[in-house]
Amino acid sequence: MEPAILFILVLFLLFMGVPVAVALGLSSLIIIAFFSSDSISSVALQLFTASQNYTLLAIPFFILASAFMSTGGVARRIIRFAIASVGHFRGGLAMASVLACMMFAALSGSSPATVVAIGTIAIAGMRQVGYTKEFAAGIIANAGTLGILIPPSIVMVVYSAATDVSVGRMFLAGVVPGLVAGLMLMIAIYVMARVRNLPAEDWKGFGEIIAGGKEAGWGLFLIIIILGGIYGGVFTPTEAAAVAAVYSFLVAVFVYRDMGPMKGEQWVREEDGVNARIGFSATVYALAFFFVWMILTFFLTADWEGVTLQGRTLTGIVLSLVAMVAYALWRGKQAGSRGLAGLLAASLPIWRRNLGLMGRNFLRAFFNEETRKVTVDAARTTVMLMFIIVNALLFAHVLTAERIPQAITALMVDAGFTWFTFLIAVNLLLLLGGQFMEPSGLLLIVAPVVFPIAMELGVDPVHLGIIMVVNMEIGMITPPIGLNLFVTSGITGMSLIQVVRAAAPFVLVLFVFLILVTYVPFMSTWLPYSLMGPEIVTR
């Protein structure tokens with residue numbers, strides 16, 4: 001009786017337009033107050049316990065990192081690198097947009113942020129070279145969904161918090177499926193491009209790839225910091241999220257200067273001479289090499305014996321100096337300059353100007369209007385999401401207290417369900433629910449119910465998590481509540497119906513991908529279990 005009342009209450013409140021968080025919390029409170037043997041004090045205890053969940057602390061930091069990285073400058077640099085890499089294929093600009101979405105997804109962990117950041121630039125670029133607006137919008141709406149599949153993913157953190165599955169394993173599990181999904185979309189684009197005779201960009205050579213990679217490198221290095229730190233055993237996913245937030249702020253404000261008090265200030269100006277530019281570039285490459293060397297060796301040698309900070313530092317300094325001298329002599333010879341010492345001396349005014357600029361604006365950068373706006377927007381998103389999560393965990397507590405998952409498990413086992421048919425049922429449930437609900441809220445409702453059943457039927461917990469995330473992806477591009485559809489409509493000026501029609505051909509690709517992910521668990525489990533071992537779940 002209680003399970004039926006609980007689900008009827010939730011559905012009734014949702015269809016009445018009540019926010020998801022309120023619907024979950026209020027339904028749970030009514031059941032505890034009038035139908036359960038639980039004390040009403042358990043509500044306060046459960047809310048307090050949920051708010052103390054250490055795993056959930058990663059969410060506000062990842063949201064903040066995403067907010068700082070979601071600037072036009074970061075997206076523009078990533079798109080340049082993607083075009084240089086795959087733009088010369090037929091339909092290359094569209095394929096580059098998918099590749100850019102994949103790379104930006106690894107920075108933001110958010111699908112809407114990926115659509116906005118990449119879509120505002122990529123759609124305009126595709127229109128200029130002859131793509132239809134519908135084709136461009138359909139690509140971005142679908143490719144943007146990779147934001148919650150390619151790690152780090154906020155939705156994966158939510159799933160881990162709801163089921164106590166390792167966040168690290170979930171992040172690794174999303175790598176191979178994310179690459180496969182992106183590759184399938186790119187293959188579909190290539191086939192359509194051949195049929196429609198879509199244009200290809202000119203091949204600009206490996207020099208353009210290297211130049212694009214250097215320009216986007218500071219942003220893309222965030223991926224190495226997050227994943228390298230987690231799987232190098234240096235810090236936990238929550239600590240990785242905090243490091244990512246700090247790094248994103250420093251890169252956006254001080255390195256790329258896309259926001260803050262130094263916005264628009266170039267490191268090198270037109271009036272700087274050739275020798276100054278070469279000397280400055282040589283020292284920048286040396287410092288960047290030393291920075292990357294120290295971080296990578298820190299990750300790789302964290303558990304090694306006999307490796308000291310002093311040894312790593314000395315080795316890094318020597319290699320950095322070698323790189324600096326080699327670059328300076330190579331470029332200096334081409335420019336007919338006056339030797340290494342002259343080049344380095346010529347670069348001093350550039351360094352003095354930029355260091356002085358950063359010193360004068362260091363404190364102002366923290367209190368700048370743009371910094372404040374990014375922080376406030378991230379805080380609003382965090383409060384909204386955490387309110388949903390806390391109420392959903394209260395809902396999960398009621399489910400557990402009333403033994404609802406156990407009852408459903410027994411019913412399905414008695415009905416002859418196997419893992420194969422169970423996963424069909426899960427996909428249908430999530431595809432239907434994804435049309436009406438936000439991914440995190442739906443996942444927090446469904447996961448506590450289906451997780452015990454999956455464990456009883458022998459479904460791997462990490463595999464189940466990836467299946468649920470892929471379903472959330474499809475839910476974001478299916479009407480009537482598909483969030484990516486509304487975001488794409490907003491940045492293109494197209495009606496929602498037009499965006500739905502544009503996205504439909506590529507949604508079919510994701511449906512095929514869902515079937516592949518569902519029944520080929522090796523795709524999800526190979527990488528995390530090879531590096532971290534199997535997930536242990538106590539039934």
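Just the heavy atoms: all of them, side chains too, but no hydrogens, waters or symmetry mates, feed the values below.
- Using modelled atom types, one side-chain atom of Thr145 and one backbone atom of Asn142 make a donor-acceptor pair closer than 3.5 Å.
- Side chain of Ser530 to backbone of Trp526: a donor-acceptor contact under 3.5 angstrom is found.
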Pair Val446-Phe451, side-chain contact (heavy atoms from CB on, under 4.5 Å): steps then yes or no: CA-CA 8 Å; Val446 175; Phe451 187 80; over 6 Å; no
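- Side-chain N or O atoms of Arg169 include none that pairs as donor or acceptor with a backbone N or O of Val462 at under 3.5 Å.
- Distance CG/Leu24 to CD1/Ile445: 4.0 Å, rounded to 0.5 Å.
- For the pair Thr421 (side chain) and Phe417 (backbone), a donor-acceptor distance under 3.5 Å is absent.
- Between Ser66 atom OG and Leu107 atom CG the span is 9.0 Å, to the nearest 0.5 Å.
- Of the possible donor and acceptor atoms, none in the side chain of Thr238 sits under 3.5 Å from a partner among the backbone N and O of Leu57.
- Side chain of Thr114 to main chain of Phe104: no donor-acceptor pair is present (N/O by atom type, distance under 3.5 Å, no hydrogens or angles).
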Full working for side-chain contact (heavy atoms from CB on, under 4.5 Å) between Leu531 and Leu527: CA-CA 6 Å; Leu531 296 180; Leu527 188 58; 4.0 Å; yes
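- The distance from atom CG of Asn471 to atom CG of Leu510, rounded to the nearest 0.5 Å, is 11.0 Å.
- One distance of note links CG of Leu185 with CZ of Phe513; it measures 9.0 Å at 0.5 Å rounding.
- Applying the side-chain contact (heavy atoms from CB on, under 4.5 Å) test between Ile121 and each of Ile78, Ile79, Ile491, Ile140 identifies Ile79 as the sole match.
- Sorted by first and then second residue, the side chain to side chain donor-acceptor pair (under 3.5 Å) pairs involving residues 377-386 (not counting sequence neighbours) are Lys373-Asp377.
- Environment of CZ in Phe12: sparse, with no more than 12 heavy atoms of neighbouring residues, nucleotides or ligands closer than 6.0 Å.
- How far NE2 of His463 is from OH of Tyr529: 10.0 Å, rounded to the nearest 0.5 Å.
- Checking Phe249, Phe62, Tyr247 one by one against Phe68, the ring pair (Phe, Tyr, Trp, His ring centres under 6.0 Å) holds for a single residue, Phe249.
- Both cation-pi conditions hold for Arg77 and Tyr256: the charged atom is under 6.0 angstrom from the six-membered ring centre and inside a 45 degree cone around its axis.
- Interatomic distance, Ile474 CD1 to Asn427 CG, rounded to the nearest 0.5 Å: 8.0 Å.
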